Structure formats: C-alpha cells, structure tokens
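This report concerns only the one structure given below.
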Amino acid sequence: MKHFAAESLVQALKTLHQQGVIPEVPAHLDFDRPRQVEHGDLASNIALLLARSAGLPPRNLAERIREALPDSPWIKRVEVAGPGFLNFFLHPVALQRVIAEVLTARKDFGRQSLGLGQKIHLEFVSANPTGPLHVGHGRGAAYGASLAELLRYAGFEVFCEYYVNDAGRQMDILAASVFLRYVEAARQSLPWPFPASAYRGEYVCEIARGLYEREGKGFLFALEGAPDLTGYADGDQAIDALIAHLKSVLGEEAYLRLHGAGLQEILADIHADLEDFGVRFDHWYSERTLMASGAVHAAVQALEAAGFCYEEQGALWFRSTAFGDDKDRVLRRENGAYTYFASDVAYHYEKYQRGFTGFIDMWGADHHGYIPRVRASLEALGLASERLEVLLVQFANLYRGSEKVSMSTRAGEFVTLRQLREEVGNDAARFFYVLRRADQHLDFDLELATRHSEENPVYYIQYAHARVHSLHRQGSERGLAEATELPDLTLLTEPKELELAALLWRFPEQVRSAALDREPHQIAFYLKDLAASFHTYYNATRILVEQPQLRWARMALADAVAQTLANGLALLGVSAPTQM
RNA sequence: GCGCCCAUAGCUCAACCGGAUAGAGCAACGGCCUUCUAAGCCGUAGGUUGGGGGUUCGAUUCCCUCUGGGUGCGCCA
C-alpha cells in the first residue's frame, strides 16, 4: 500500500532536489500508518527528517513537498499536520484494489521476494535425545517452524536442521539408566537404590522392557562386579563409575546396542512428536557422525593452524579471549576427549562449508553465554561471524493455576509436549507458543488453557475464517447466484469496508517485517486485528443482500479476508477450518 | 562479583528499528440473538510505560544510574 504514496513522494523530492531546496533525495522512504483516521492512510515524517539539512522549518518544508507532489489517481489529498507530517489520504480505488489482488494471488498474496537466492540454514529444537520433548522444547519447535515458513514465504530458501547430541556423557547416563531399568524388567533387584543421578522417567522403563524383550537376559551378567553406587559421596561420580563398568564388561559392540536402544527409541519418538506437531526438518545432524567423520579433529586442527590454540595442564585450549570472550575455552581435555564446545566448533565450521549464505541458530536463553565463544571460533577460522545469527528463546514456565510446575528431565517430572498437545490441541499450542516475542518469558497456565479452551484467541481467528465459508453455504442454500467474475469493487464504500481493505494491504508488509525481524508473533497479532475487524463488519453490515452487484462485491471482500487469514494461519502452522 | 535478557492497564501481552492522543485480549461493569454461526458485536472504566537523570523538534523506544526479576559464568552437555 505504501507504494501508492511512495512514487509520488519520490517525484516531489526529486523536483525539490533539482530546485536546490534539499541537498539530496533519501535512498529509502518510510511511511507510518497513523493510529488516527484524521491522520490519513499513510504518513511521512520526511519533512521532519530533512528540515535541518534543508535549513527550513519542518512545516514549511512539508508544505513545499506537498506542492511539488504530482497528481496521482491513488491519492485523494495530502495534508501537512502536527510538527510537519505529510498525511496521505488515499482514494478508495487504491484500497478496493487490494481485493482483486488477493483474489488473483490467492495463496501467494503476501508472498515476498526478499531472499534473492539467499539460502538460510536454520537450526532449532536440537534437544538432547535423553527423553521426550517437553513444553520448553515445544516453544522452540513452534517458533522455529513458523520462522522457517515465514522466511520461505518472504522469498528465502530455508534449510531446517536438528542437531542431535547423540554423543557425550548425557547419553551415557541414559544408557546406564536403561540398563538399571532393564535389570528390573528382568525381575532382578538392584543391590542399591535406584541412583538419583540417573534418568527416572517412565519412558526409560519402557525402553528397558523393549530391550529385555528383544535381548532376553543377555545383558544381565553386567550387573556382576558393578561398583557399589552407595559408596560414592557424589551422585555424578557414582553414575560415571557405573558407565565405566558397563563399557568395560559389555565391550564396544554390546554397549553400543544398549546405548542405541535408548537413543533410537527416543529419537523416533521426538521425530514423530514433531511431525504430529507440524514441525519438519530437512536433516537430522548427528554429533556422533560428526566425530566419527573426523570433522571435529579437522576443525580443531584448523584452529591450531590459525595459531589460536595452546596447551596447558595437559589440555588443548582455544584462545577465544583474542576475540572478546571472557576466558579461553578447552577444546580437548586432559584425558584426550574433545569437549562439547569442540563439536560445536566443528559443526559450525562444517555448516559454513555447505554453501549457505546465512545461519540462524535458535538456542534456549540459558545458552546465551556460548555466543561469544562460537563467534570467536568462526572468526579464528576466518569465517564471517556476522552471518551467524543467534536467536534466544526464553523459557516457557508451566503453571497449574497459580502453582508453578517444576520440571526436571532427570527426575522425570515434566509435562511433555505431547501431553500439552493432547490437552489444548495442536492449533492452540502452535498459536500460543508464537503469540509472544521469543525473548519474553512465556507463562503457560495449563489449567487456564484447558478451562478456557473455547476462549482461545486462535478460535477467534478460525471463526472469522469459517464465517466466510458459512456465507457461501448460506448463499447457496438460499439459491443466491455467485459472481462469475470480479465484481465492481467501487461499490464498497462503507468506512468499515475501506478499513478492512487497508488492513489487507498491511499483510504483505507484515510478512516482510516479521520475516526480517524474525518475529512470527507479528503475524499472530496481525491476524487477531484482521479477524476482529471482520467480525465487526460482519455484525454491522449484511453481506448477503438481494442486490447482486453489491452482494458480490461484499463477498469478494469477505473472500479476500478469508484468504488472507488462511495465508497467515498457514505461516503459523495453524489450520483454517471452513466450519466450526 | 562480572556478562546477557527483561520490567508497559488488576492479569497476559502489543506498539511498524525515534513519531502525533501508548493499544488489544482476559478479568470488572452496562447493552445486543424472530435477520448471513452470540466461539460474535457495541459501550464504560482502567496508565507518571519500575524510579531518577540525559540526548532533540519529539523517548515505551537511544545513553547513564538506581531498584526489582530471570539467566549464564565447568577439562558438563
């Protein structure tokens, strides 16, 4: 919609530039959408911005600009207001035109071509496969999936990846936990109480039972000679001792089967859970594979070759402080094993070699301390660290009424994403997750979400969409003819109709802005606005009137609203039902 | 202690990278169903944008400071 005023304004500014009134024509013009109708459809503050360099009072300059504006079929009138704003009042034709545009473009109304061949790598969720996804992961999943859709719609090529932390100690702890439950599944009692540092969730028992059914008592012998876990003061030491024992008595092959039993089952569960949630990845990147391929070794060597490494106390350190980090970081431990950070360096190094133009990492907000060191590693490797964008997603706190639900993966006390979806439904869950900015804490009250499920804002928007389809059904029942071609849109002269049309023009701009800001919530808020505006119109104005031309024009407007709602909901992964 | 994020109506949140009189939803109060779905609409009330300074035509937005929350500071992942 801004283009209606922008063309004229550029012309006017060029004229004034030629006359020597202003030193230069700004490269970029921005318009505001005034809150007040008296301030027109579009407002420009250009006179306020150029007043100083032009040496003119803002209002005088605004008046000069106004006089220099060429006639335009789209602009009804322009006013100078306030401290020097130029308020553009558009001709109704400019507003009505959007309806034809929506009905021509259909699913593509709002689609942008901002990407210009840019390929963006988007990494999100990447939860450790040590248990089912919980409500915190759900937020990252919903946010990432919506952002991916949004970026694609804005014209970027997007590659979604889940980084699977399938190596490392947490997975070993899972394997040990599975083993302990396996012993129980075989009706053997443990010589000591189930250790506190092991995973206690019910899913571990299920995995263990499956393992027992497949493998029989084949792993039971490993219980013999197991260290006395009660003998350790520290729970972490106890579980590590057990892990070491299992690795040595089972041997590499059998231990891997035990390890894999948990990993594969949990990964499959996460995959299915996300799939059901409408969240799909192009690739699941295994940390294990990364290490096995030698990529970690290669990345560390590259850092060494670049001259940013040193050895101290038997460990290999990366001099990240050379790039602004708080302290240097260990890459390879005294015991020869690479750190998690080393894998991360390798993973990002490898990402950069895959030909993407930009990278977006979506991390839990508690990982923000990692940003400086990852950036440092990229810079040390001679890579453009500014091409990596890290989006931090704040926690989702769960409440039952006023009581906070404490969640701990280890203790198995958490509400899973699946439970949440079953309680409130996919649509409501997807919508609620992206209803607030990612950098805001999200308080999700389960009780409220269940109790007021029919009051969810998502239904409000879906209802608006369904109402349009209901109009078609109603019209057909009454034997009213539908339009066979684009009706005369100039019949739409009601203020509410023009307001709705103006709102439709805003959608493409909102897509652009939401994509560039990486803020899907902008779309959610826009849809609420559009739905509200339509409900108001629906209540105030009869659409299925006798007069065919007017009826068709109003139905065209309603169709355009429904299409835009559907397009926006699709970006958020929410369905657009034709009937409630 | 140091770093990062946050603070807006009673509650949950917006505010188009500095714009005009800070907006929605819920909760509260009062209206609207013999007329296209009342999962809806209309109206009323609700604010010193945590406090205090500064920058300028103009600040919720940028800078400083204080207060109050969150989070991070491992040879864990």
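Just so it is clear, the model here is predicted, and its values are computed rather than measured. Chain identifiers are assigned alphabetically (A, B, ...) following the order of the sequence lines, protein sequences preceding nucleic acid strands; residue numbering begins at 1 within each chain.
Summarising the base pairing, B:rU55 is matched to no nucleotide, lacking a Watson-Crick or G-U wobble pair whose two defining distances lie under 3.5 Å. Remark: B:rG43 base-pairs with B:rC29; criterion is Watson-Crick or G-U wobble with both hydrogen-bond distances under 3.5 Å. For B:rC17, there is no paired base (Watson-Crick or G-U wobble, both distances below 3.5 Å). Both distances falling under 3.5 Å, in either a Watson-Crick or a G-U wobble arrangement, occur for no nucleotide opposite B:rC75.
Of the candidate nucleotides B:rC75, B:rG40, B:rC17, B:rC17 has the atom nearest to the side chain of A:Asp517. With distances taken from any side-chain atom of A:Trp317 to the nucleotides B:rC75, B:rA20, B:rC76, the minimum falls on B:rC75.
Cation-pi geometry between A:Arg77 and A:Phe89 is met: under 6.0 angstrom from the ring centre, within 45 degrees of the axis.
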Considering only nitrogen or oxygen atoms on both sides, find all protein atoms under 3.5 Å from nucleotides 55-60 of chain B and state each distance.
unit_1 : atom_1 : unit_2  : atom_2 : d
B:rC57 : OP1    : A:Arg52 : NH2    : 2.7

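Checked by atom type, the side-chain pair A:Gln522/A:Ser513 shows a donor-acceptor distance below 3.5 Å.
Glycosidic conformation of B:rC64: anti, with the torsion beyond 90° of 0.
Mapped onto RNA chain B by nearest heavy atom, A:Lys496 and A:Phe31 fall at different nucleotides, with A:Phe31 at the one closer to the 5' end. Mapping A:Asn128 and A:Asn87 onto RNA chain B via the closest heavy atom, the residue that lands nearer the 5' end is A:Asn87.
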